[in-house]
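Below is one structure; the comments refer to it alone.
Naming: A, B, ... by sequence-line order, numbering from 1 per chain. Only a predicted model underlies this, so the values are computations on that prediction, with no experimental measurement involved.
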Number of protein chains: 2
Amino acid sequence: MADSSLRLLLMLQQIPREPRYVSSQQLHARLADAGYSVSLRTVQRDLVKLSSHFPLIQSEPSGQGNTGVSWAFSQHGQHMAFPGMDAVTALTVSMALEHLQSLLPPQVLQHLEPWQLEAEERLQKLNSSKYQSWMDKVRVSPQHVLQAPQVDAEAVGLIYEALLENRQFCATYKGKSERVIHPYGLVQQGRTLYLLCRFYDFEDVRITALHRFEKVELLDEPIRPFPAFNIDDYLNTGAMQWALPDPKLISLELRVNQWLKNHLEESPLSEQQLLVIDDEQQESYLVKAEMLDGRQLRRWLLSLGSDVEVIAPKGLRDWMASIVKAQADRYLE
Amino acid sequence: MADSSLRLLLMLQQIPREPRYVSSQQLHARLADAGYSVSLRTVQRDLVKLSSHFPLIQSEPSGQGNTGVSWAFSQHGQHMAFPGMDAVTALTVSMALEHLQSLLPPQVLQHLEPWQLEAEERLQKLNSSKYQSWMDKVRVSPQHVLQAPQVDAEAVGLIYEALLENRQFCATYKGKSERVIHPYGLVQQGRTLYLLCRFYDFEDVRITALHRFEKVELLDEPIRPFPAFNIDDYLNTGAMQWALPDPKLISLELRVNQWLKNHLEESPLSEQQLLVIDDEQQESYLVKAEMLDGRQLRRWLLSLGSDVEVIAPKGLRDWMASIVKAQADRYLE
DNA sequence: AATAGCAGCGACAATCTGTGTCGTATAGGA
DNA sequence: TCCTATACGACACAGATTGTCGCTGCTATT
């Protein structure tokens, strides 16, 4: 039994989803590799058996030369996993995906749909008898003001594949003519995905937004090797405003109000954050923390409006002052 | 074969992870429900067989009265799923989880670890032969300045369970004495999880941060029913600053610079956003869009600093002006 | 156009594995 | 101490699994 059941399991794992297919002979070879030396006939029989219990489909003999029948999981058949999700995991998955819905393009997220289905099924099963389901109990606060850029699902899939397999691809960018592109890295900022790549034989690395690609076609050519390229080094040069040109640890000192102080007590700026009373009458407090200066920090400081006042370092205070001054002048008119 | 292999699969799905156990007799009953009428002996034999191929562990007979042997998946044994992840899905899962790492408390995320492992394994398998793995190719920009609040993993798990099963629980809040709590809803804002609940017999709904709970203990008592409670209604009253007290659609009009204009072209404020040139010389543009006013929008406007100027509606412009004025006064000293 | 080669599929027999039943040992509770 | 419940070993039989072989239909090559 051990042999046959385990073999079936391994086969199920090896069968991909619909756009891809696997032939009975490929499976036979893989099983042989894994130590299951069975005859090809058995594999064929197993596939037929499995297909009566799982949503397997077999490809039409539309291939070129390859007359072998190929198999795949039906596109939207639910997936199975074990150990099954427990209630807590299901809730976590469900919340996480709700979160991601506002963070990643839906065309990317569709790949996670099976898990969402599994989680929701599990939650429904748990709560079907209860009068109130989890959907009426859980909410995730939206984090973003802007709409997500529209991405072409197929394009994203192909570009991911090119990146993973170190292959060139061919696409139009911003609706312009076709280009040959060598992908080197992928960076996600907010809801936007950026591809770091080179065009044709050019030497310079370009930052391209994934949603601007269209008509992507994978090429069989491998990318030009680029051993000097290191994504961290590249980002740290200040490209993409990833960090300030000179990212440095600063000793931040802020004056904050009561509300922000409470907030910081629970979500500190750093592990060694210091919080002291500044002026009890006015309910103002001082916060000190060592942290990395950067774009994120500055946006955060700005977003707090008058809840916060930067005291040190001087450079940051001056920067805040200049921004605020410019704004004030504008709104005075 | 069909019978036995499918039965084994169903068994694997029914076996939970380590903190929970299932006895051979429970399994026997569940299988009988599912239409597999086999003897208990067979179930026991199957479990032994499975345990030689999967990381199953059996509980010590430490239970009370229940001498039956119970089984569970070992805590950190990888999980299996089929159809297996394809490359694109694996990359998506991996990026999504990296994202979530900065969004959800690690203690909550640990439930998703199996998927992360599966995805990374898959990616490694794909790229082991290549000179550069995906880890060196993909980066996710951090979104948060603050550290996540520290959450007790066990507490979160138990509270989730209580919420899902409509049960009371008992816990200390903010280190104070023990309370009996009736959970009604869960809200996630940023990286903080809030529980909407009532204490003891009190009638008022309280907003409690999950990370402030300690020593949680599930009770068998069901929560007091609360048919009048509706999470959306509650949030829309303005509680938790979820929305402004009077959330209304406004006709937003902004003056933006070149950089922000480019950004908005790709990530618009709304579907029907209007973008026109304001002053070609100074590279300033006007944006108009109908959208919901709220906390998110205002924080976003503030975070942009002098890249943006609010023109309409008047109320919002005045609000911006007052904040900016207050800040400017402060920094003048 | 004909044929060689390949892949799939049906049939069959030998084997072996899965399953129910029964009996015994062990542990905990009354 | 006895009793009940559970686990577990043994055994026999039915049924499933698997390799082999041969036939059929298709493709590609000569």
Side-chain angles (χ1 to χ4, degrees), chain A residues 1-16 20-54 56-73 82, chain B residues 1-16 20-54 56-74:
Chain A
M1 147 269 180
D3 246 26
S4 110
S5 287
L6 281 179
R7 195 187 58 229
L8 288 175
L9 220 83
L10 192 62
M11 283 179 63
L12 281 173
Q13 281 195 296
Q14 300 278 349
I15 299 174
R20 301 188 160 281
Y21 286 85
V22 67
S23 75
S24 48
Q25 312 179 49
Q26 286 174 299
L27 275 176
H28 182 220
R30 287 193 210 169
L31 289 177
D33 274 353
Y36 296 92
S37 53
V38 289
S39 66
L40 176 60
R41 184 74 190 95
T42 300
V43 175
Q44 295 171 343
R45 268 193 294 245
D46 285 346
L47 281 166
V48 174
K49 281 179 203 162
L50 287 175
S51 68
S52 71
H53 295 281
F54 297 95
L56 296 184
I57 52 180
Q58 52 178 311
S59 71
E60 292 304 304
S62 65
Q64 60 277 13
N66 189 10
T67 41
V69 178
S70 288
W71 295 80
F73 264 92
F82 53 81
Chain B
M1 147 273 177
D3 246 27
S4 108
S5 287
L6 283 179
R7 194 188 60 230
L8 288 175
L9 218 81
L10 192 63
M11 282 180 63
L12 282 172
Q13 282 194 295
Q14 300 279 351
I15 299 174
R20 301 187 159 281
Y21 286 86
V22 68
S23 74
S24 48
Q25 312 181 45
Q26 286 173 300
L27 274 175
H28 181 223
R30 287 194 210 169
L31 289 177
D33 275 352
Y36 296 93
S37 52
V38 290
S39 66
L40 176 60
R41 184 74 190 93
T42 299
V43 176
Q44 295 171 345
R45 269 192 295 241
D46 285 345
L47 281 167
V48 174
K49 281 180 203 161
L50 288 175
S51 69
S52 71
H53 295 280
F54 297 95
L56 296 184
I57 52 179
Q58 51 178 311
S59 69
E60 293 303 304
S62 63
Q64 58 277 13
N66 189 10
T67 40
V69 178
S70 287
W71 295 81
F73 263 91
S74 149

Measure the distance from [atom1] on [X] to [atom2] on [N] and round it to the nearest whole Å.
{"X": "B:Asp46", "N": "C:dT19", "atom1": "CG", "atom2": "C1'", "answer": "10 Å"}
{"X": "B:Arg7", "N": "D:dA16", "atom1": "CZ", "atom2": "P", "answer": "13 Å"}
{"X": "A:Leu6", "N": "D:dT18", "atom1": "CG", "atom2": "P", "answer": "12 Å"}
{"X": "A:Gln26", "N": "C:dC6", "atom1": "CD", "atom2": "P", "answer": "18 Å"}
{"X": "A:Gln58", "N": "C:dC9", "atom1": "CD", "atom2": "C1'", "answer": "12 Å"}
{"X": "A:His28", "N": "D:dT18", "atom1": "NE2", "atom2": "C1'", "answer": "12 Å"}
{"X": "A:Lys49", "N": "C:dG10", "atom1": "NZ", "atom2": "P", "answer": "13 Å"}

OP1 or OP2 of [N] under 4.0 Å from side-chain N/O of [X]:
{"X": "B:Thr42", "N": "C:dG20", "result": "yes"}
{"X": "A:Ser24", "N": "C:dG8", "result": "yes"}
{"X": "B:Ser4", "N": "C:dT17", "result": "no"}
{"X": "B:Gln44", "N": "D:dA7", "result": "yes"}

| said: Holding to salt bridge (charged side-chain N to carboxylate O under 4.0 Å, His left out), I want the full list of residues that pass it with A:Arg20, two or more places apart in sequence or in another chain. | reply: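 Here the qualifying residues are A:Glu161.
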| field | Sugar-phosphate, base or nothing in reach of B:Val48, heavy atoms under 4.0 Å | value |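 Answer is nothing: B:Val48 stays at 4.0 Å or more from every strand.
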| task | May I have the step-by-step check of side chain to side chain contact (heavy atoms under 4.5 Å, CB included) for A:Arg7 and A:Thr42, ending in yes or no? | result | CA-CA 11 Å; A:Arg7 195 187 58 229; A:Thr42 300; 3.6 Å; yes
| message | At less than 3.5 Å, do the side-chain atoms of A:Arg45 and the base atoms of C:dG10 form a donor-acceptor pair? | response |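 Result: no qualifying N/O pair found.
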| request: From the options D:dC8, C:dG8, C:dA11, select the nucleotide whose nearest atom is closest to the side chain of A:Arg41. | output: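 The answer is C:dA11, which lies nearest to the side chain.
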| query | Choosing from D:dT18, D:dG9, C:dA7, which nucleotide comes nearest the side chain of A:Gln25? | reply |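 The listed nucleotide nearest to A:Gln25's side chain is C:dA7.
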| task | Quick one: do A:Leu56 and A:Phe73 satisfy side chain to side chain contact (heavy atoms under 4.5 Å, CB included)? Show the steps, please. | result | CA-CA 5 Å; A:Leu56 296 184; A:Phe73 264 92; 3.9 Å; yes
| field | Test side-chain contact (heavy atoms from CB on, under 4.5 Å) applied to A:Leu27 and A:Asp46, A:Leu47, A:Leu40, the passing residue | value |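 Option passing the side-chain contact (heavy atoms from CB on, under 4.5 Å) with A:Leu27: A:Leu47.
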| field | Partner set under side chain to side chain contact (heavy atoms under 4.5 Å, CB included) for A:Ala34, not counting sequence neighbours | value |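 With neighbours one apart ignored, the set is A:Leu10, A:Tyr36.
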